[in-house]
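We name chains A, B, ... by the order of the sequence lines, and we start the count at 1 in each one. Given the structure is predicted, the values throughout are model-derived calculations rather than measurements.
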Amino acid sequence: MSTPETTSAPSPASATPTHRYTPALAQQIEERWQDRWEERGTFHAANPQGALTDGDGANAGAGQPFFIMDMFPYPSGAGLHVGHPLGYIATDVVGRFRMMCGDNVLHALGYDAFGLPAEQYAVQTGQHPRTTTEQNIVTMKRQLRRMGLAHDDRRTFATIDPDYVRWTQWIFLQIFDSWYDPDAERPGDTVGTGRGRARRISELRDELAAGARPVPGHDGDNAGGAVWAALSEAERRDVLDAQRLAYVDSSPVNWCPGLGTVLANEEVTADGRSERGNFPVFTRHLRQWKMRITAYADRLTDDLALIDWPDKVKAMQRNWIGRSTGANVRFAVVGTTGTDPAGAGEQVEVFTTRPDTLFGATFMVVAPEHPLLDEVPADWPDGTRDAWTGGHRNPAEAVAAYRAEAAAKTAVERQADAGKKTGVFTGHLAVNPVNGETVPVFTADYVLMGYGTGAIMAVPGGDERDFAFAEAYDLPVVHTVEPDGGFADDFAGAYSGEGRAINSSNDEISLDGLGVAEAKERIIAWLEAKGVGEGTTTYRLNDWLFSRQRYWGEPFPILWDSEDRPVAIPAELLPVDLPDVPDYAPRTFDPDDAESSPEAPLGRNDDWVHVTLDLGDGPKTYRRDTNTMPNWAGSCWYYLRYLDPTDSTDGPATGTAVVDPGLERYWMGPQHNATSGPAGGVDLYVGGVEHAVLHLLYARFWHKVLFDLGYVSSLEPFGKLFNQGYIQAYAYTDDRGAYVNAADVTGDEQTGFTLDGVPVHREYGKMGKSLKNVVTPDEMYEAYGADTFRVYEMSMGPLDLSRPWETRAVVGSQRFLQRLWRNVVDEETGALVVTDDAPDTATLRALHRTIADVRTEMESLRPNTAIAKLITYNNHLTGLDRVPRAAVEPLVLMVAPIAPHLAEELWERLGHDRSLAREPFPAADEQYLVEDTVTCVVQVKGKVRGRVEVSPSISDEDLQAAALAEPNVVRAIDGAEIRKVIVRAPKLVNIVV
RNA sequence: GCCCCGGUAGCCCAACCGGCAGAGGCAAUCGGCUCAAACCCGAUCCAGUAUGGGUUCGAAUCCCAUCCGGGGCACCA
């Protein structure tokens, strides 16, 4: 038995070469480079001024600013699975690529750390939410750092940091201190009316005092400020408070007893449950904070034209805002003779998008909650049909019964009943203003109080829903629009399409013969002239309900004075920290207890709630607002914080603004680089589509307020949005339907899936603990290394597509990196194997073709195809006897954005002493992109029959001659008459016989 | 019910303005390396593009209809 000479690696597994790119070596390399990057500040983004410089201590130079961002992660206690980092890797690849293209790249990541899950997790584990949240952030930071993300770690933060909360509250105060002037000029607007913007509340006060505008809610024209002067200071404050963009209002809100808080409309699903927790949601009248996002409805819709977002998300925002144009029309309500003369002269206003069909309005419908129903006639009027009364003796009974029935219906039941028309006659009669006809007024729950005016004119001839109702309640149908060619003889139903108006005239106006658009215009003019209506626009969007009754959120920077009016806490006293309370668990209720009322946890600390302060008018006692802000508040402005993350150096040092205006203009202003649009904003924002109408709408709203107040120059926060797909996973169940450990299942589609020989059932969906199919990044680092993990995630498919995770396929990415390694490093000795020979022409061609292609793919966010081309080129190099340095160095650079650690290691071993992070990305040399010859395909009747090698610059005539001479082609033509020859030089000839 | 996106090899996916259906990866099969196995290396196999029509010299690509999958909206006047 002889002893080998080598002393290394005594274990039996030592057959593996010492210098092979194994997971263990990968880990070693990766951790070394992560430390070096951190020490050197390699990814420090340089601001144009101030203390935040690049790793060499320099402020921003000539490179174009490029601001790239991921959607704010929430630090979950469950830790990351391999699906979470997909977007982070993608932005990292783009960021590193842009950096190598010479851009000044800003990429950082903060944490969205307030919110319900943190609070629930804390309650479960019996710890303070701050403790658990901070622990989670530490874990997540470690997991993300190990992935090698090129983030500027000086710019990270969490929304719960007091320095951050301070500015969230500061922005709230700016919104509180503003009102919306729809007539004010807005400079620079190119897509809207150019009017309307937020202004300071003090300007409103001045204008009211000077008599420049009437006082809202008070009669009189306020000439010379007379109306204003007559008001007490308390009344004046009420007037101003009601105009603020952040205001307190008593109105129907979504109360969720199961969560113990009220919710915004956006947080309630279509079937009336909470998006988080899936608890029932009830409508309650409560006094709550709201934000006047409706004032921005037009701009939020119009400005979508200025930004590069997926059409799908734009459509979702447009739908949610739901702008529709039409007219408001007032119908006089007739006091039923003898029974209710006092009701005469009352009016009901309806909203319609089809005022051109007014002559076909044969009845009216109001929502069950409509105030008209607070009083109804005592008896059924003459002409009441049996079908209308619901069997009740008089309108009061009928309406009361119907209102009760409607109120008791849950959203789910309403949903289920959609299409089935229920309702009852209210006893009221109204007069159609265009023809003087008396029409009955019904109430029905297909008309919603929250949209338009809560009342409609019903045109059964032109509206499916009205027609269904008319059928059910025996009401007349009049068609006022005739389709081209007239109605079919047997036509019965509503016609809502294009056509010519019919049956639409009175003594003063005739719409007959007009098209829909023109008829609308005419009738609106007539209504306006008669003073019974006017053109208008309504929105589906409602104001944003902003207060929550939870503990783990930003407290409102608001005090209530002795007369219960809100007072802003001065900016220099911010932040308002969360108080310690005996119990931070929210008061929750039986999820179905609609009668319960919210109770804010912050109210449990009396010492905190009651304060004595001198706000300039002597010490007074105040009561603090005990609401907290919704989770969305922190994510409404975090992109600004990345630009200017400290309060000690740049802009916020002065305490006057949330971000230094110069920094905002540099990184985000309109046209701040070659690809930034007219609205400016973040250059690339990557995240899931689930925030399409929540976060993205709220953030746009806040940004526009800040724009109006002069704090930012960009019109929009996010210039380009990209929705990444999700990584899905297979889960397996046994016969009992219980989930089994996915990692232990063997087999495939053809052989069937089994666990320990027992067949199991496969399903496809999310990755989750309960599904027993979670794979974590940590497992990937251990088994393959971060670079392999990154390559695999990027090569699985296009970024915007969801795809299944398959651990056993990861090995393909590892083989690629191993082959690349072997092309540079000898596995046995660790020595360099590259030569200094010049690459042959074929290699140069392959290289430059690859460079050109990879650039294209990278610029278009297609890392999957870029990787395929890199693999192809690497395979070409593998086939050479010796790999020339000049052939592999560009490859190392091109691989760097995707597998940065391996690339840095090879780059160093190739003799470079600086990081390749800012090395120029290879550029293709045109001379190697043109081929000497190309293969021209010759088709006969569209079928490929032969090929000829020709020069790329061959003329059509020469090519046609060459094609016709090709033996296989001659045989295919077989002497038939040639009818036509299509020549697309130099690649294709098609011969038609 | 309405709107949007997508169906290409056993699986994940390429194919630019309509021009040779295949770039890449997984799996499978065979071979090499090995005492042997794994790793590794090399090779091979595999679809006529969901279905039916249309336009065209030529269709995965454009148009129409249908089926399947995913998503959004859902009495919004």
So, does A:Asn875 get its side chain near the phosphate of B:C41, meaning an N or O under 4.0 Å from OP1 or OP2? no
Short side-chain N/O contact from A:Arg819 to OP1 or OP2 of B:C41, under 4.0 Å: yes
Please work out which residues in residues 308-326 of chain A have a non-hydrogen atom less than 4.0 Å from an atom of RNA chain B and list them by number. A:Lys312, A:Met316, A:Ser324
How far does CZ of A:Arg354 sit from OG of A:Ser496, to the nearest 0.5 angstrom? 7.0 Å
Of A:Met457 and A:Ala868, the one whose nearest nucleotide on RNA chain B sits closer to the 5' end is A:Ala868
Out of B:G25, B:A23, B:C26, whichever nucleotide has its closest atom nearest the side chain of A:Ile871: B:G25
Taking the side chain of A:Arg815 as its heavy atoms from C-beta onward, which of B:G42, B:A27, B:G24 lies nearest to it? B:A27
Tabulate atom names and distances for all N/O pairs under 3.5 angstrom spanning the protein and nucleotides 56-61 of chain B.
unit_1 : atom_1 : unit_2   : atom_2 : d
B:C57  : O2     : A:Asn990 : ND2    : 2.2

Could you check whether A:Val447 gets within reach of a base, just the sugar-phosphate, or nothing at all, counting any heavy atom under 4.0 Å? base
Can you name the one residue among A:Phe467, A:Phe469, A:Phe331 that meets ring pair (Phe, Tyr, Trp, His ring centres under 6.0 Å) with A:Phe363? A:Phe469
On the six-membered ring of A:Tyr446, is A:Lys421 placed so that its NZ or CZ lies under 6.0 angstrom from the centre and within 45° of the ring axis? yes
Figure out the [atom1]/[atom2] separation between [X] and [N], and round it to whole Å.
X        : N     : atom1 : atom2 : answer
A:Phe816 : B:A23 : CZ    : C1'   : 13 Å
A:Arg849 : B:A23 : CZ    : P     : 14 Å
A:Phe363 : B:A77 : CZ    : P     : 17 Å

Could you measure between the two C1' atoms, the one in B:U56 and the one in B:G19, and give it in whole Å? 12 Å
Under 3.5 Å for both donor-acceptor distances, Watson-Crick or wobble: does B:C40 have a partner, and if so which one? B:G32
Watson-Crick or G-U wobble partner of B:U49, both distances under 3.5 Å: none
B:G48 glycosidic torsion: syn (within 90° of 0) vs anti: syn
Polar-atom pairs under 3.5 Å, protein N or O versus N or O of nucleotides 11-14 of chain B: list them with distances, or write none.
unit_1 : atom_1 : unit_2   : atom_2 : d
B:C12  : O2'    : A:Met796 : O      : 2.9

